[in-house]
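Before any comments, here is the structure.
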Amino acid sequence: MKNKIILCWMLCLALPGWSAVTLPYIENSPAPANFSWFCPEILAKGQPEKVVPPAELDVRSCDVSTWDFSGYTKDELADVLTFDSKTVLPSKNKLPKGFNAKKILKNGKNPGLHLHKLHKQGITGKGVSVAILDQNLLTTHQEYAKNLVWYEENIWWKPADSSMHGSAVASILVGKTVGVAPQANLFFFAPEFGRSSEDRYDAAPNARALRRIAQVNKQLPAEQKIRVVSISRGFTPDDLDAKEFAAAKKALEDDGIAVFTTQDVFTLNRTHSRDNPDKADYCRPAYWLKKEKLPSYAAFQDVFAPTDFRVVAAPNGNGDYVHYANGGLSWAVPYVAGLYALGVQVRPGLTKAEFLQAVAATNDTRQCTFQGQAFTSKLVNPQKLIKFLQK
């Protein structure tokens, strides 16, 4: 019966004259992720030699209480440790003095850059609809369950447990404590996000999902229409069906929907996870960026957002969180999409071109030094950005 209801819903929604869309629509609820395979593999190898960046020490959901981290300083361990709410760490005498995992999990939820000041002013993305294309989602997590008004996935993902990627990007965009736009409405589409063929990335599933967004948007009333799409993926002309994806993306943007991918963003970060996300000096480049590239940092035309040392929703429990020492551009895309949602709230007619111009006009530019290499950095300033857009 459930499948028949879903089928009827999908067919009805596709009819040209159909306009009575009822939200929320949650097609499926994937099971929480199961890390039972991961820890035995990690623990069987024993505690590794001292880990240094850009490597990370990943002990999510593992009992490492017998390990000894006293050979690290508090900052060194905060620089490399990836862990979650279910990780069992050693007692204090086996941890560096001053290292507090609970404090890191708490403080790391803060999206940083004084965004909470905007939230206290009521600038939360309220009433703005955003969409994410990503891997499947733990739909019931407390960070975003109340924001989630649409969840639809490809058959390829249905047997799978919840992905770590989907939970992370959803919480960064609309999470109630983690998110940039904690009161935005979330439409989430899970296509065959990572599908590859002939050793090339296949963009066709993403293209179909973008066309699906266009179809859904036509059935929504004006106040509920999707205004921005976040896709934590890069696309190149060499992808399979690259033209199909480009055409679908252009059609959405021609219809006034901003689409952000990893081509639109770049990253600057705190020094490590013990830094205050609001007060930190964001002068650390992406962990994977080669040192010789630093002098050209300021030449990049992307929107710079923080990615490393983030605490986000974990996929293995509705109230669980995970601290990732390393982040990628995947974390920057929903951050920027969240800023766009805040911009739409204060300036309903906002376009992507206007948003990018406003970001460029309000960036914080500073001189940085990392590992002895000087470079000029620029970082998005949410408060200046919103004030600019309000004018």
Side-chain angles (χ1 to χ4, degrees), residues 106-132 142-144 146-148 168-186 223 226-230 258 260 264-270 275-282 302-313 321 327 331-366 377-391:
K106 180 181 178 181
N107 292 345
K109 294 176 185 177
N110 182 351
L113 305 183
H114 297 287
L115 269 164
H116 284 165
K117 289 185 178 181
L118 290 176
H119 297 164
K120 288 179 180 179
Q121 297 170 26
I123 303 172
T124 59
K126 186 174 182 179
V128 180
S129 292
V130 302
I132 290 176
Q142 64 183 16
E143 272 296 304
Y144 49 73
K146 291 184 178 179
N147 305 73
L148 189 63
V169 296
S171 60
I172 290 171
L173 209 170
V174 303
K176 67 179 182 180
T177 54
V178 175
V180 176
Q183 289 190 305
N185 304 315
L186 176 60
E223 67 276 8
I226 297 165
R227 294 295 310 277
V228 59
V229 181
S230 171
F260 289 97
D264 299 294
V265 299
F266 215 64
T267 174
L268 277 169
N269 300 290
R270 297 181 279 158
D275 282 347
N276 184 314
D278 285 324
K279 299 179 181 179
D281 184 18
Y282 285 81
D302 311 287
V303 184
F304 282 66
T307 58
D308 293 358
F309 311 116
R310 288 301 314 268
V311 173
V312 298
Y321 293 85
W331 285 190
V333 182
Y335 199 101
V336 172
L339 292 176
Y340 192 88
L342 301 185
V344 171
Q345 183 185 350
V346 302
R347 187 170 177 170
L350 183 66
T351 67
K352 184 178 180 180
E354 291 171 343
F355 174 79
L356 294 176
Q357 290 171 359
V359 168
T362 57
N363 275 332
D364 279 339
T365 302
R366 70 187 77 182
S377 77
K378 57 182 182 180
L379 183 66
V380 67
N381 184 315
Q383 291 189 90
K384 288 182 180 179
L385 171 64
I386 295 303
K387 188 176 291 187
F388 185 93
L389 291 174
Q390 285 174 322
K391 291 180 180 180

Go through D275 and F309 one step at a time and tell me if the side chain to side chain contact (heavy atoms under 4.5 Å, CB included) criterion holds. CA-CA 9 Å; D275 282 347; F309 311 116; over 6 Å; no
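- In the model, D278 has a side-chain atom that pairs as donor or acceptor with a side-chain atom of N110 under 3.5 Å.
- Taking the centre and axis of the six-membered ring of Y321, the NZ or CZ atom of K109 falls inside the cone set by 45° and 6.0 Å.
- For N269 against T307, the heavy-atom pair with the smallest separation is OD1-N, 2.8 Å.
- When side chains are defined from C-beta on, N381 does not count as touching L113, because their heavy atoms never get closer than 4.5 Å.
- Between L115 and V180 there is a side-chain heavy-atom pair separated by less than 4.5 Å.
- Interatomic distance, CD of E223 versus CG of N185, reported as 10.5 Å (0.5 Å rounding).
- You'll find the side chain of R310 reaches within 4.5 Å of the side chain of P111, heavy atoms only.
- Partners of K384 by salt bridge (Lys or Arg N to Asp or Glu O under 4.0 Å), not counting sequence neighbours, listed by chain and number: D364.
- Separation of atoms CZ (R347) and NZ (K391) is listed at 12.5 Å; rounding is to 0.5 Å.
- A donor atom on one side chain and an acceptor atom on the other are not found under 3.5 Å apart for S171 and E143.
- Minimum interatomic distance between E354 and G349 (heavy atoms only, all atoms of both residues): OE1-O, 3.8 Å.
- The nearest pair of heavy atoms linking G175 to P182 is O-CB, 3.4 Å.
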Kindly determine whether Y340 and V128 satisfy side chain to side chain contact (heavy atoms under 4.5 Å, CB included), including the steps that lead there. CA-CA 10 Å; Y340 192 88; V128 180; over 6 Å; no
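- Using a 4.5 Å heavy-atom cutoff, the side chains of Q121 and V346 are not in contact.
- The line from CD of Q383 to NZ of K117 is 5.5 Å long, rounded to the nearest 0.5 Å.
- A distance of 9.5 Å separates OG1 of T365 from CZ of F304, quoted to the nearest 0.5 Å.
- To the nearest 0.5 Å, the span separating CG on L385 from CG on L342 amounts to 8.5 Å.
- Using modelled atom types, one finds no donor on one side chain facing an acceptor on the other under 3.5 Å when comparing D308 with T267.
- Between V130 and V174 there is a side-chain heavy-atom pair separated by less than 4.5 Å.
- Between R366 and D281, at least one side-chain N (NZ, or NE/NH1/NH2) sits under 4.0 Å from a carboxylate O, which counts as a salt bridge.
- Minimum heavy-atom separation, A131 to I226: CB-CG2, 3.8 Å.
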Verdict with reasoning, L356 to V303, per side chain to side chain contact (heavy atoms under 4.5 Å, CB included): CA-CA 8 Å; L356 294 176; V303 184; 3.6 Å; yes
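- To the nearest 0.5 Å, atoms NE2 (H114) and NZ (K279) are separated by 8.0 Å.
- I132 pairs in a side chain to side chain contact (heavy atoms under 4.5 Å, CB included) with only one of the listed residues (L173, V228, I172, V229), which is L173.
- Closest non-hydrogen pair, A181 versus G338, comes out as CB-O, 3.8 Å.
- No close placement of the F260 and Y335 rings is indicated, their centers lying 6.0 Å or farther apart.
- No side-chain donor-acceptor contact under 3.5 Å links R227 to the backbone of S129.
- Side-chain atoms of I123 and H119, non-hydrogen and from C-beta on, never get closer than 4.5 Å to each other.
- By the 4.5 Å heavy-atom criterion applied to side chains, K352 and D264 are counted as neighbours.
- Counting only distance, with no hydrogens or angles, the side chain of Q345 and the backbone of T124 share a donor-acceptor pair below 3.5 Å.
- Counting heavy atoms from C-beta on, the side chains of R270 and P306 never come closer than 4.5 Å.
- The shortest non-hydrogen separation linking Y282 to G112 is OH-CA, 4.2 Å.
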